[in-house]
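Take a look at the structure set out below.
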Protein chains: 2
Amino acid sequence: MITIKDIAKEANVSAGTVDRVLHNRGGVSPKTETKIKKILKQKKFKINLIASSLAMKKHHNLATLIPQYDEQNLFWKSPYSGIQKASQEVSAYGIENKVFFFDQSDPKSYLKAFRKLIKTEPDAVVMVPLFVKESHEIIKLLNLKKIPYIFLNVDLKGLAFGGSSCNNLSYIGQKSFDAGILSGKLSHLCSKNGDEFLIVMTRKNIHDYEAINERVKGFKSYFQDNVPDAHIHQLKFDQSDGFETVKKKINTFLTKNQRVKVIMVPSSRVSYICKTIEKDHLLRLKIIGFDTTPQNVEALKKSIVAFLISQKSFNQGYKSIITIANYMVYKEMPTNEIPTPLEIITKENYKYSHSEERKYYNEN
Amino acid sequence: MITIKDIAKEANVSAGTVDRVLHNRGGVSPKTETKIKKILKQKKFKINLIASSLAMKKHHNLATLIPQYDEQNLFWKSPYSGIQKASQEVSAYGIENKVFFFDQSDPKSYLKAFRKLIKTEPDAVVMVPLFVKESHEIIKLLNLKKIPYIFLNVDLKGLAFGGSSCNNLSYIGQKSFDAGILSGKLSHLCSKNGDEFLIVMTRKNIHDYEAINERVKGFKSYFQDNVPDAHIHQLKFDQSDGFETVKKKINTFLTKNQRVKVIMVPSSRVSYICKTIEKDHLLRLKIIGFDTTPQNVEALKKSIVAFLISQKSFNQGYKSIITIANYMVYKEMPTNEIPTPLEIITKENYKYSHSEERKYYNEN
DNA sequence: GTTGAGGTAGTGTCCGCACACGAAAATTAA
DNA sequence: TTAATTTTCGTGTGCGGACACTACCTCAAC
């Protein structure tokens, strides 16, 4: 291992001078600077991050704003776990992460949580900008205070509000349109000529709208490009529709349309939909859904669902923290978008995915 | 952040004493020990890994034994890249990794490379035990010298040689049988009743035999369990068969067996096989292969191949180093097996997979 | 009462780097 | 030539912890 001292000795200068060159801190004559830089390259010197971060030891405050999860909707549990794991790891680098929760169906609680957050005077923020209008306010304040922030799972790209645009360092999440395309491909692959398709949309929370819509667009786009004459049906349900209503509508539809062989559910509620479908219909159907919630995985294991497209939300949460931490500690600028993989999960490979997540649970 | 000094002050002892308690190094009276432990828990003290690893700064020698890659066979490039990336990361922890290559078709070069390796007196070894008999010798010596080792990509489990069994800390790689099952499921999903299946086996290197065989077994096992009356054909080619021979045999077969609609190639040579198949056959076929070699990905992008099952070999290489490093530095015992995910790759999600690997290439 | 062994606990140094302070050298001004 | 500046660079300290070395204390044996 090459150290600063090694370089200094080689260049006949002191460690301090090498340090100045390394950090472009100036005060070094051009001659010695080039000399040192040459030796640096030649010896392939790389800063020892361990020692570096120990020596810097600034204390960073990080704050996270995410929806609260509950038994009804476990979706946000995964990213939270990822956030927890990452927070633990970066704590050694002097970064303390405070997490603030809000009710995903209540914009007011979103603002309220943010106000609590901002009082802690964070140096950086990771947030899920679930509500557009309220995010406007939040972002204006963050821009004003020059607090860097990144978006997690939900993007707000291109949305410029009167003068204050989104200057988020990065967006970490899935590309819903492409996920839709993938669902189209999978649907296509497990169908034969003449089969018809059904999209079942449920809207439990308004905010999902954007992602769900994009997935449907992607799905249709795939068929537009590859099987233009495919017959794609669509059913929509509202929050107000009860289980029995949904059940009746779907089964009536499926009885009338026997050629429908593939169902795509663009939300994370595929298992709920499956429960409403009668068994004899299920037998002829291939069903594709999104997100590996416990209920969905259950349906996968029972071979009711053929494919789940996962967005690895644990990893999203994890990455968001790591990314912002690297920015705070090493000023490492993240790419504008960090798309998470489109992971295809089946009954057969489920147990090998999410190993990081499970490992984390076991350790804690 | 709580430091050792904080604890020491609180307990009216010196930092050294706290340190002794933390590491169970003895020499502390029961009274003070319990007192310190209480404060430790109460204040939720956690060792600062950054400072810790800096202070320990033992120099660890790590050695890696893997097959050399060439333009013909790029498979081993990926794990090597992962190994490189991880080596770089752990170098800050005082771990120096020396990589030794061997010719994957020559057992002698395997032994020769190992002899060079052992001369460097490594503290731990990561190896690909490609040749069973020669690995015997190697493992005997490693056991004797009490050098810990882990297996990468190829397992040697259960193989007890006269007295000296494999004491590898861990195996990092894919479960080939399960990968085969998955390929069966995918084949099944993209077929309809009455379709027939074809397995095309090529053996370029003898060592692949085990993995390929397991994949075929898994494939068959899937159908045994789910579609017992499925008609599964099999074609085998030898290293000696030239391109034209293969081409003729395959196309003749496909002409005769028009009901074959899915081809599974259990090796990483699916793109090669595709090249031999005539276009009019290709149109009716769904083809499933393994490993994301550049050529295979090319075929995937052209929609010739429907699915590739990837073993994320970059990650395998990366993980192997990280795992052994954690063992050396923190004495963290890995699990006996670290199976890598069975990743399903299609034309639509390829660009989102392997992001780590691409990022690494871009940085270097 | 002196000596020595064994058990406890404090001190100092180092890991590699960041950064402040001030010294030396180089340049300019007087 | 000397004083005043400015540029360039060396030194020292500390980040939090690991560990060797040393000092102290107790208690028993002679």
Side-chain angles (χ1 to χ4, degrees), chain A residues 1-37 39-40 43-60 89-96 328-332, chain B residues 1-37 39-40 43-60 88-96 328-331:
Chain A
M1 150 153 280
I2 313 290
T3 74
I4 284 190
K5 278 182 193 165
D6 296 328
I7 304 292
K9 206 187 293 171
E10 182 84 11
N12 277 322
V13 292
S14 77
T17 307
V18 177
D19 180 72
R20 271 181 281 264
V21 172
L22 279 173
H23 295 78
N24 289 315
R25 232 182 298 112
V28 180
S29 70
K31 270 179 284 177
T32 46
E33 177 159 355
T34 49
K35 184 167 73 176
I36 290 174
K37 276 191 175 168
I39 297 174
L40 244 27
K43 297 229 165 187
K44 289 179 187 165
F45 173 83
K46 279 198 179 154
I47 260 183
N48 183 333
L49 289 183
I50 301 288
S52 173
S53 67
L54 180 62
M56 286 207 277
K57 205 73 212 145
K58 278 174 217 139
H59 199 72
H60 300 278
E89 282 182 18
V90 300
S91 72
Y93 293 82
I95 294 174
E96 195 189 351
M328 290 195 284
V329 177
Y330 305 119
K331 282 155 193 106
E332 187 182 294
Chain B
M1 153 152 278
I2 314 291
T3 74
I4 284 191
K5 280 178 194 167
D6 296 329
I7 304 293
K9 206 188 293 173
E10 182 83 13
N12 278 321
V13 293
S14 77
T17 308
V18 178
D19 182 72
R20 273 182 280 264
V21 173
L22 281 173
H23 295 69
N24 291 316
R25 228 176 309 108
V28 181
S29 71
K31 269 179 283 175
T32 44
E33 177 159 353
T34 49
K35 185 169 70 176
I36 289 174
K37 276 191 174 168
I39 297 174
L40 245 26
K43 297 230 165 187
K44 288 177 189 166
F45 174 84
K46 275 191 183 164
I47 271 184
N48 182 335
L49 286 184
I50 301 289
S52 173
S53 67
L54 180 63
M56 285 207 277
K57 204 78 212 139
K58 278 176 216 138
H59 201 73
H60 299 280
Q88 197 177 305
E89 282 181 19
V90 299
S91 73
Y93 292 83
I95 294 173
E96 195 190 354
M328 288 196 283
V329 177
Y330 303 119
K331 281 152 194 112

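Lettering follows sequence order; numbering is per chain, from 1.
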How close or far is atom C1' of C/dG16 from atom CD1 of B/Ile50, stated in whole angstroms? 12 Å
When you list every nucleotide of DNA chain D with an atom under 4.0 Å from a heavy atom of chain B, which one comes first 5' to 3', and which comes last? D/dG16 to D/dC19
Can you tell me the distance, in whole Å, between the CD1 atom of A/Ile4 and the C1' atom of C/dG16? 7 Å
Check: protein-nucleotides 5-7 of chain C nitrogen or oxygen pairs below 3.5 Å:
none

Short of 4.0 Å, heavy atom to strand atom, which residues of residues 12-22 of chain A count as contacting DNA chain D? A/Asn12, A/Val13, A/Ser14, A/Gly16, A/Thr17, A/Arg20
For C/dC19 and A/Arg25 - does any side-chain N or O of the residue sit under 4.0 Å from the phosphate oxygens OP1/OP2? yes
Atom CE of A/Met56 and atom C1' of C/dG16 are separated, to the nearest Å, by 12 Å
Using a heavy-atom cut-off of 4.0 Å across all strands, would you classify A/Leu54 as base, sugar-phosphate, or nothing? base
Side chains of A/Lys44 and A/Ile2 in contact at under 4.5 Å (non-hydrogen atoms): no
For residues 3-13 of chain A, run the donor-acceptor check on the side chains, cut-off 3.5 Å, and write out each pair with its distance to 0.1 Å, sequence neighbours left out.
from   : atom 1 : to     : atom 2 : distance (Å)
A/Thr3 : OG1    : A/Lys5 : N      : 3.2
A/Thr3 : OG1    : A/Asp6 : N      : 3.3
A/Thr3 : OG1    : A/Asp6 : OD2    : 3.4
A/Asp6 : OD2    : A/Thr3 : N      : 2.8

Let me test you: for the helix from C/dG1-D/dC30 to C/dA30-D/dT1, what is the angle between the axes at its two ends (five pairs each), rounded to 10 degrees? 70°
Would you say C/dA18 has OP1 or OP2 under 4.0 Å from some side-chain N or O of A/His23? yes
Which pairs pass salt bridge (Lys or Arg N to Asp or Glu O under 4.0 Å) with one or both residues in residues 17-30 of chain B, sequence neighbours excluded? B/Asp19-B/Arg25
Which part of the nucleic acid does A/Phe45 contact within heavy-atom distance under 4.0 Å: base, sugar-phosphate only, or nothing? sugar-phosphate
Between C/dG16 atom P and B/His59 atom NE2, what is the distance in whole Å? 10 Å
In whole angstrom, give the distance that lies between atom OH of A/Tyr93 and atom P of C/dC17. 14 Å
